[in-house]
Amino acid sequence: DAKTTQPTSMDCAEGRAANLPCNHSTISGNEYVYWYRQIHSQGPQYIIHGLKNNETNEMASLIITEDRKSSTLILPHATLRDTAVYYCIVRRQGGSEKLVFGKGTKLTVNP
Amino acid sequence: GAGVSQSPRYKVAKRGQDVALRCDPISGHVSLFWYQQALGQGPEFLTYFQNEAQLDKSGLPSDRFFAERPEGSVSTLKIQRTQQEDSAVYLCASSLEGSRPSGANVLTFGAGSRLTVL
């Protein structure tokens with residue numbers, strides 16, 4: 001599975017949009033991009049995933065560049081409860097079922 | 001149940017003791033995963049079950065680690081002769097489907113079992 005690169009940490013003001021970048025320059029055509037987050041003392045929580053089209057759900061939006069080499073997770077109106085480590089994961093279609101986590105981005109939402 | 005349940009939430013063991021960690025996945029979920037998470041790190045894959053079959057155990061760090069899911073539902077991760085380096089949070093996750101060519105693989109995680117080996 002392709003490797004991903006994320007910033008170690010980011011800060012965001014409460015109520016503002018949080019934009020979390022992820023580079024996956026070696027992604028293959030059949031690999032999906034997944035985002036999970038992990039709030040302190042909890043297990044990781046699924047947020048969103050996509051292949052090549054932009055995706056939106058009740059939690060977030062996922063913007064994937066046309067060449068698919070990078071993506072951005074957008075939390076439109078960040079709250080203090082969005083403070084967490086955010087993981088960007090690439091997984092091959094039909095490949096191993098496991099998800100391979102990196103170190104993620106520690107997002108701190110400030111009041 | 002509504003989510004993945006893990007027990008115990010906290011376990012303190014003396015070095016050399018055996019421990020057993022339990023995972024109750026979401027009812028009907030075919031796939032079950034165990035991950036190990038050291039402090040400040042991302043979760044590291046340990047092993048994967050599809051129903052009762054252990055299809056991937058490539059992440060188990062040593063032969064002291066053993067996992068089972070005999071009836072395809074509840075799973076137990078056993079660590080024999082615990083060492084200090086085994087101290088970590090052990091996460092269990094389940095997903096509805098087994099191998100799917102569509103690729104969508106949404107895992108639901110439990111809160112984890114925090115193991116401290118003294």
Side-chain angles (χ1 to χ4, degrees), chain A residues 1-9 22 24 27-53 55 57-60 62 64 68 84-107, chain B residues 3-6 9-10 21 23-26 29-51 53-60 67 88-114:
Chain A
D1 292 336
K3 291 186 178 180
T4 61
T5 304
Q6 299 178 254
T8 302
S9 63
C22 179
H24 29 79
I27 193 169
S28 300
N30 61 357
E31 289 181 310
Y32 284 74
V33 180
Y34 289 82
W35 284 84
Y36 282 74
R37 74 178 182 184
Q38 188 170 24
I39 295 170
H40 183 62
S41 296
Q42 297 183 21
Q45 175 192 24
Y46 167 80
I47 302 172
I48 199 167
H49 75 280
L51 183 62
K52 53 184 178 181
N53 297 323
E55 302 288 345
N57 63 21
E58 64 279 4
M59 291 182 68
L62 174 61
I64 302 175
R68 301 186 68 243
V85 177
Y86 287 77
Y87 296 99
C88 170
I89 301 164
V90 171
R91 179 190 172 272
R92 181 166 50 92
Q93 174 185 347
S96 166
E97 286 289 319
K98 67 189 178 191
L99 296 176
V100 179
F101 290 81
K103 292 190 176 182
T105 296
K106 168 67 175 176
L107 174 69
Chain B
V4 177
S5 178
Q6 293 189 244
R9 284 281 280 127
Y10 302 93
L21 308 175
C23 173
D24 281 89
I26 293 173
H29 275 199
V30 169
S31 297
L32 185 144
F33 305 79
W34 283 99
Y35 284 80
Q36 179 191 58
Q37 187 170 26
L39 191 64
Q41 303 296 313
E44 295 274 352
F45 170 79
L46 293 177
T47 187
Y48 159 62
F49 291 84
Q50 186 171 317
N51 296 306
Q54 189 174 19
L55 298 186
D56 187 349
K57 53 182 181 179
S58 62
L60 295 176
V89 175
Y90 291 85
L91 295 161
C92 177
S94 67
S95 67
L96 181 60
E97 300 279 350
S99 296
R100 290 179 57 193
S102 68
N105 186 33
V106 176
L107 272 61
T108 302
F109 283 81
S113 292
R114 179 178 296 278

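Since this is a predicted model, take the numbers as computed values, not measurements. Chain letters run A, B, ... following the sequence lines, proteins first, then strands; residues in each count from 1.
- Only the side chain of B:Ser58 comes within less than 4.5 Å of a heavy atom of chain A; its backbone N, CA, C and O stay farther away.
- In terms of heavy-atom pairs under 4.5 angstrom with chain A, the leader among B:Phe109, B:Phe45, B:Phe33 is B:Phe109.
- For B:Gln37, the part sitting under 4.5 Å from any heavy atom of chain A is the side chain, from C-beta outward, and nothing else.
- Pairing each heavy atom of A:Ile27 with each of A:Arg68, the nearest pair is CG2-O, 3.0 Å.
- Of the two parts of B:Leu107, the backbone and the side chain both hold a non-hydrogen atom closer than 4.5 Å to a non-hydrogen atom of chain A.
- No donor-acceptor pair closer than 3.5 Å links the side chain of B:Glu44 to the backbone N or O of B:Ala38.
- Residues passing the side-chain hydrogen bond (donor to acceptor under 3.5 Å, both in side chains) test with B:Trp34, sequence neighbours excluded: B:Ser75.
- The ring-ring contact (aromatic ring centres under 6.0 Å, His included) search around A:Tyr86 returns none, not counting sequence neighbours.
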